[in-house]
**Q** 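My questions will all concern the structure given below.
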Amino acid sequence: MAAVTPAATPAPAATPAGPLPVSGGGWGRRVVLLVAAAYFLVPMVIAVTFTVYNEAQGFSLGAYGRILTAPGFVSSFLQSLALAAATIVLVLVLVLPAMLAVRLGAPGLRPVLETITTLPLIVPPITYVVGISTSLREGADALAATPFWQTLISLQDENFPFVLVLAYVVLALPFAYRSLDAGLRAMDVVTLVEAARNLGASWPQVMLRVIMPNLRSALAGAAFLTLALVLGEYTIAALLGYQTFPVWIVTISGNDGQLSVALSILSLTLIWLLLLTLSRAGRKKS
């Protein structure tokens, strides 16, 4: 008689390996967000309260009214906006073609370009001021008998000091380069350029219709950082004797505590609005 073997019991199904869920992760994130919000919002609330309330008058918006009637507010703010716009255009015109040329024709020069664009972070702004003032002074003496003397003088026009634009371009190089580099790393530049050129596109068309639409977010980020830098830069403009918006804020608010804080809040709000506009423009689809 044949022996009966017992039926084999099925092996238990293997459970997929993976990290176990961590309880309380949602609460941890909420706590971090609450702490960060308190860190930023509590000083703002205290500052706003200081500008609109005092024991003698109670609630009053007089500090903000004094800003709008203060001489030089509109002119200095518009001048800083014009300087920021010129700086953004010039830094993008200089940096983006250079980065594309290096990526397409000489990839080995990328470390050199990165080093050059990092130098403004190492040299303090006071050094730029000394170099710029010395160059302007000695250049005026050397070019006094040449047609270039008037060009040098026009660079220092008080209504639109283009010399500040040149200085701000140098300061903005590290930030614009990092933003554009991140955008170029996310796309296959060589393939896009070769495809566009094979289809008959000229180099300006490649730049305007192929590269820049794919770099919309990176371009907005570079403009975002450059705008913040120009609207907050004080040292170079003050030492060269120009009345930009940050210099005007320090000048007008020296003897009035409420006015000084109100100016800081208004400046911060205006910069936030401008940066939000740039950020939305970068995300907007064509």
Side-chain angles (χ1 to χ4, degrees), residues 81-125 127-129 131-132 135-136 139 148 151-152 154-155 160-233 236 275 278-279 281-283 286:
L81 284 182
L83 293 173
T87 304
I88 291 171
V89 172
L90 187 56
V91 75
L92 292 180
V93 168
L94 291 175
V95 175
L96 185 56
M99 296 179 66
L100 288 175
V102 169
R103 284 181 175 272
L104 295 175
L109 293 179
R110 285 183 59 186
V112 178
L113 188 60
E114 291 180 357
T115 303
I116 294 174
T117 56
T118 307
L119 289 177
L121 297 176
I122 302 173
V123 183
T127 307
Y128 294 121
V129 177
I132 292 171
S135 300
L136 293 176
F148 297 101
T151 302
L152 186 64
S154 64
L155 292 178
F160 186 79
F162 195 77
V163 64
L164 287 182
V165 175
L166 299 177
Y168 293 156
V169 166
V170 175
L171 295 180
L173 277 179
F175 310 104
Y177 178 84
R178 295 300 181 274
S179 178
L180 295 176
D181 184 64
L184 290 173
R185 287 176 183 272
M187 56 187 287
D188 191 349
V189 179
V190 177
T191 302
L192 289 174
V193 171
E194 289 180 352
R197 293 290 290 170
N198 290 335
L199 291 173
S202 61
W203 280 109
Q205 290 175 329
V206 171
M207 180 69 70
L208 296 176
R209 303 185 63 180
V210 177
I211 300 299
M212 295 184 67
N214 286 283
L215 286 178
R216 190 181 299 111
S217 298
L219 292 171
F224 183 101
L225 296 171
T226 304
L227 177 65
L229 184 146
V230 174
L231 293 183
E233 200 285 321
I236 295 178
L275 297 182
L278 282 177
S279 178
R283 293 196 302 264
S286 59

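Note that these values count all heavy atoms, side chains included, but never hydrogens, waters or copies made by symmetry.
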**Q** Is L92 close to L180 at the side-chain level, that is, under 4.5 Å between some pair of heavy atoms?
**A** yes
**Q** Check T87, L164, V95, V230 against V169 for a side chain to side chain contact (heavy atoms under 4.5 Å, CB included) and give me the one that passes.
**A**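 Going through T87, L164, V95, V230 one by one, the side chain to side chain contact (heavy atoms under 4.5 Å, CB included) with V169 is satisfied by T87 alone.
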**Q** After noting the C-alpha distance and the side-chain angles of R209 and S202, does the key distance pass the side-chain hydrogen bond (donor to acceptor under 3.5 Å, both in side chains) rule?
**A** CA-CA 10 Å; R209 303 185 63 180; S202 61; over 6 Å; no
**Q** Which atom pair, heavy atoms only, marks the closest approach of I88 to V91?
**A**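 Nearest pair, atom of I88 first, then V91: O-CG1, 3.3 Å.
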**Q** Would you find a donor on one side and an acceptor on the other, under 3.5 Å apart, between the side chain of R103 and the backbone of P107?
**A** no
**Q** Given side chains that start at C-beta, do those of L100 and W203 come closer than 4.5 Å, heavy atoms only?
**A**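 They are not in contact (no side-chain heavy atoms under 4.5 Å apart), so the answer is no.
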**Q** Going by heavy atoms in the side chains, are V193 and V210 under 4.5 Å from each other?
**A**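 No; the side chains remain at least 4.5 Å from each other.
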**Q** To the nearest 0.5 Å, tell me how far D181 CG sits from R110 CZ.
**A**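 The distance works out to 5.5 Å.
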**Q** Please tell me if the side chains of L225 and R178 come closer than 4.5 Å, counting only heavy atoms from C-beta onward.
**A**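 When only atoms from C-beta onward are counted, R178 and L225 do not touch, as no gap falls below 4.5 Å.
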**Q** Out of curiosity, I236 CD1 to L166 CG, how far, rounded to the nearest 0.5 Å?
**A** 11.0 Å
**Q** Measure the spacing between CG of L192 and CD1 of I211 and express it to the nearest 0.5 Å.
**A**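 Atom-to-atom, L192:CG and I211:CD1 are 6.0 Å apart.
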**Q** Work out which heavy atom in L94 is nearest to a heavy atom in A98; give both atom names and the distance.
**A**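 Heavy atoms of L94 and A98 come nearest at O-CB, 3.5 Å.
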**Q** When you look at L96 and L215, which way does the side chain to side chain contact (heavy atoms under 4.5 Å, CB included) test go after all the steps?
**A** CA-CA 10 Å; L96 185 56; L215 286 178; 3.8 Å; yes
**Q** Distance check, rounded to the nearest 0.5 Å: L155 atom CG versus F160 atom CZ?
**A** 10.5 Å
**Q** Is there a side-chain contact between Y168 and L90, using heavy atoms and a 4.5 Å cut-off?
**A** no
